[in-house]
Each structure stands twice: as C-alpha cells, then as structure tokens.
Amino acid sequence: MSGTKLSENIDKRLFEVSNSREKRLQQKIEDADDKTKQEVLRKYHPDYIDDLFTQLNSGVNKGKRVVKEFAELVSSRSIVENAKIDQSASFDTDVLIVGGGGAGITAAIFAHDAGAEVTLVTKLRLGDSNTIMAQGGLQVSIGRDDSPIIHFKDSMKGGGNVNDAELLRILVENGPKSVAWLERIGVILNKDENDDFALKKGGGASRNRLVYAKDYTGLEITRNLINELTKREGIKVIEFSPVAELLTDKNGNCTGAVVIDYDNDHFFNVRAKTTILATGGSGRLHIGGFPSSNHFGSTGDGMVNAYRAGAEVVDMDSFQYHPTGVVFPSQMLGLLVTEAIRSEGGHLVNALGERFVNETQTRDFVAASIIKECREGRGIAVDDKYTGVWLDIPALDIANGGDFVRKRFPAMFRQFKRFGWDIRKKPVLVFPTLHYQNGGLKVDRYGETAVKNLYAVGETVGGIHGRNRLMGNSLLELFVFGEIVGLNAAERANNIDLGEVSTEHLKSIKYIKSQYSSSPLLLPDYIRKDF
Ligand code: MEZ
C-alpha cells in the first residue's frame, strides 16, 4: 500500500488533520447508496478475496466455502492422536462448559441454578476472553422510540438479510430482560440525569440503543459475572485446561470432552451428560494476514472440535473487520478503538485532510472504504507494511467542549497515554482489524448443535448476525443465549444418563496439506506458553 511515511514528517501530518478540522466539523456526509456500497464491498472487503477461501473436504458441510484456516484446522491431525489419557484424573459431571468468557460463565450460572452439577473448563484464566475486552456496549431496545421489532429490522438489514430470523427474534425480544439481570447482579451502566439508561447509537442502527459502562463495558460485566459465579460453591472451575477433542458415543451423541491439563501436562476425560461450547471466535487465526483485536485464545477451537464430531457450520466465509484497529503506536497494533468514538462524532480523515465516508454506516462498508483510501494512495504509511487513516478524536472535545474525551473514554485515554500519545490532542492512526467471526456453529433455538447433547453459545455460534453483525449485538447474545443454553442443557442433563466415551469420530478426518502441525490450535505460535 502506498502513502506518505509517517515517521518522515509526523508534525506535518498531524497539522493537516488539525488544519482541516473546523471545515470538517461543519460537513455532513450522506450515506452511500446501495449500488455504491455493493461496489466498494466487492472490490475492497476481504470477504470477497477468493484466495482466502476454499471448500471443506469432509464432514456434513463438505463442499461449503470456508476460510482456508478453518478448512486446514478441521483436516489436520488431532492433538489427541496417540495421547495417553490419565484415567485417575478423569471424572463425571452433568453439564460441562467449555470456555470462561461471558457466555460460558452465564451458562454455568443458569445451569447450576437449574439444579445441574456444573464443571467449567477454560483454556487460560476465568474471564480471559473477548468479553472482558468489550468496550462500546450492548444493544437493547429500551428507548421510548424503540422496540424489539425495530431492533430486529436494523440487525437484519445490517446482516444483509441473511440472519437466522428465529435466533435474532429471540435475541431482540429477550434483550431488556437480560440487561435487567445484569443490573441485578451489580453491573453499573451509564445513566442520564433522569436516572434512565444513557443510550448511544451504533453504526447501522436507526435508534439510540447502546447501553454501556463508559468504554470498559466488558470489564464491568465480567467482574460481576465472576463474582456471581464464585458465590455458587457447587460450580467446579478448572483453569489452564483447554478441550483437545469432544467425546462421542456409538450413536454420535456428545458425551463430554478430552481436556488438557496445562499445569501438569497431561490429558484427562470429563464424561458429561451435556456439553456447552462457549469457546469464542477465531480472530487469532489472522485471516488474510490481518491484525486482530481479539484475545489470544481466540483460535476457533470449539468450532473445529464440534465440526469433527458432526456439527454443522454456517457463514464460515464471513468475518467482521472492525474499521478502527490501531496501527500506530505499533505496540497497540490491532487493538480496538471503539466504534463509540465514531458514534459520538469522531471523523475518519485521509492523507489529504478529507473525510471520505459517513462514519456511522455499517462496519463492513466503513472498513472497505478505509481499505479503498489506503489502496488508492490516500493513506498514511507507518512503515512498509502498515498504512492507515486518521481517526480524529480531538474533534470530540472541540464539538462537545470540556474534558469529554477523557471522561467518556477513560480506558482508551490511558491505553494510548502509556505509549506517549494524548488522544485529546492527537488523532490516532487506524486500519481495519479482524474483530469478529460472523459465522460459526449452527444451533437451534435451544442452542443445541446437530450433535445431540452438544450445545454452543456466543461467538462460536453463527447465523444470528447474518454476514455483518451490528455493534453491541454480540455482547447481548452472551447473556440472552447464555441463559437459554444453560437452562436447556441442565434440563436435558437432568433427564438422561451418562454415555460411553470415545473419539472414534476422528477416524473420518481426511487430512490435507496444512500450515498447522496439529489441531485445534489452542494458542497462536507467537505467545508465551510457559504455564
Ligand atoms: O460489539 C462490538 O463489536 C463493539 C461494541 C465494539 C466497539 O467498537 O466498541
């Protein structure tokens, strides 16, 4: 990508942004029409780069278009091949939950309260997940001018009208109830002067619908979820213990999982009546070489395990590139600058000091528009590899007066400050970052996959958001479906017996040439693994 090198003349580059600010603050940019949108998406959005995709060579979705990384992972050697199971460490449970983020913890709480014996295993520490990193908030139709129907319509339109309508209906209808639950367990969300929720508008939404805790919504929620979980003594939590493979019986039903104990370096079986996958997304597979805003554990493990056991996937060729990932300072590469900055009026500005897109359109289009600017030479190059456009955050203090940026975005302010960058005074350089997997496991309205007794919840599930999720709908999904899946998995577990355990289903893997020596990946190769 071409552009003017940032290091050569940073003061001049920054001056171009401040110099054009006053004029830009008066400017109104209309939404692009559908034809223009489609053209820009097709030419610049990574979902349309054919080289990034291939077809699955086996399993229920054989022949389906998916990203190469997923196809290679499901067709690589399993890490349990030749593994010796430590039977003395193996045990039984009613409901096994895999994953310690927002979806897993919520499901554990509800399954436990429904009377099941619950075990939660998680790859790293409890809470280490994309949930805790969530900034902008969750969408819920509680404004006076809003309703679940309007929320539904916005989400459908944003998703390209291919969302699973039944799952989306459940999401929007249960939103207010889930947010009331979050408040009950202690989550403190921003309120206005009348003590009503302060509501913001996310990209692609027609109403102010985002509830939030400043710019650390996920941290505030996770803190309370962990408190709530630890109050329940009966829930067994095992940290630093990822699932290597699922276990199945001779009918193909799920009967638990093979777990790795990272601390003691051995494998053990958890035999479970029902299993819930809450393993998150796959940003750390770095599709298309993009940096990622995701947690290091987001390597798509649950999807790989479930597909091998016979579950179906949907839209595994559709990913969300959040428009504003950091490209400078380089220590923050890929990290998120919340969309809330744009919804509050932050401008995207090219090397000519111009705005080039209405910043509050849907993420797929805004991301593609940034890629277009950079490809066409109107980006600002950091070095030979990374180019970006400015996100003019200081414009918010000018438009709103006072100390708006520091008060509204304290976490972001502090993050940049660590690297000597004051976002009240300087714009930040951004480029799309791999943020979310729109697709994932196909589930029914109870959260059950095509494999009996195997449930899934959260980002590992596909369909709800169609091919482009709206901001804040994923955080909401964790609590709406965490409850549903927890309750249903517990009810099933209360009515069935434990099954026999085997990994026979792995015999159907058809190996292909793969960049991975074994799968699931569990952790990207650049992270420290000294636990
Ligand atoms: O839902 C999201 O992805 C979100 C709220 C992100 C953000 O920009 O803050």
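Bear in mind that the values here come from a model prediction, so they are computed numbers and not experimental data. Indexing begins at 1, ligand by ligand and atom by atom, following the structure's order.
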Could you tell me whether K177 and E483 have a side-chain N and a carboxylate O separated by less than 4.0 Å?
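Judged by the 4.0 Å cut-off on N to carboxylate O distance, K177 and E483 do form a salt bridge.
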
Are F290 and Y321 close enough that their ring centers fall under 6.0 Å?
yes

If we ignore angles and hydrogens, is there a donor and acceptor under 3.5 Å between the side chains of D154 and S206?
yes

Atom CD of Q331: over 12 foreign heavy atoms under 6.0 Å:
yes

Restricting to ring pair (Phe, Tyr, Trp, His ring centres under 6.0 Å), what partner residues turn up for F197, sequence neighbours left out?
none

Parallel, tilted or perpendicular: which fits the ring planes of F70 and Y307, with parallel below 30° and perpendicular above 60°?
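Perpendicular, since the angle between the ring planes exceeds 60°.
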
As a test of reading the model: which residues have a non-hydrogen atom less than 4.0 Å away from ligand 1?
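Ligand 1 is contacted, at a heavy-atom distance under 4.0 Å, by Q135, G136, G137, H322, L336, T338, E339, R363, H435, R469, M471, G472, S474.
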
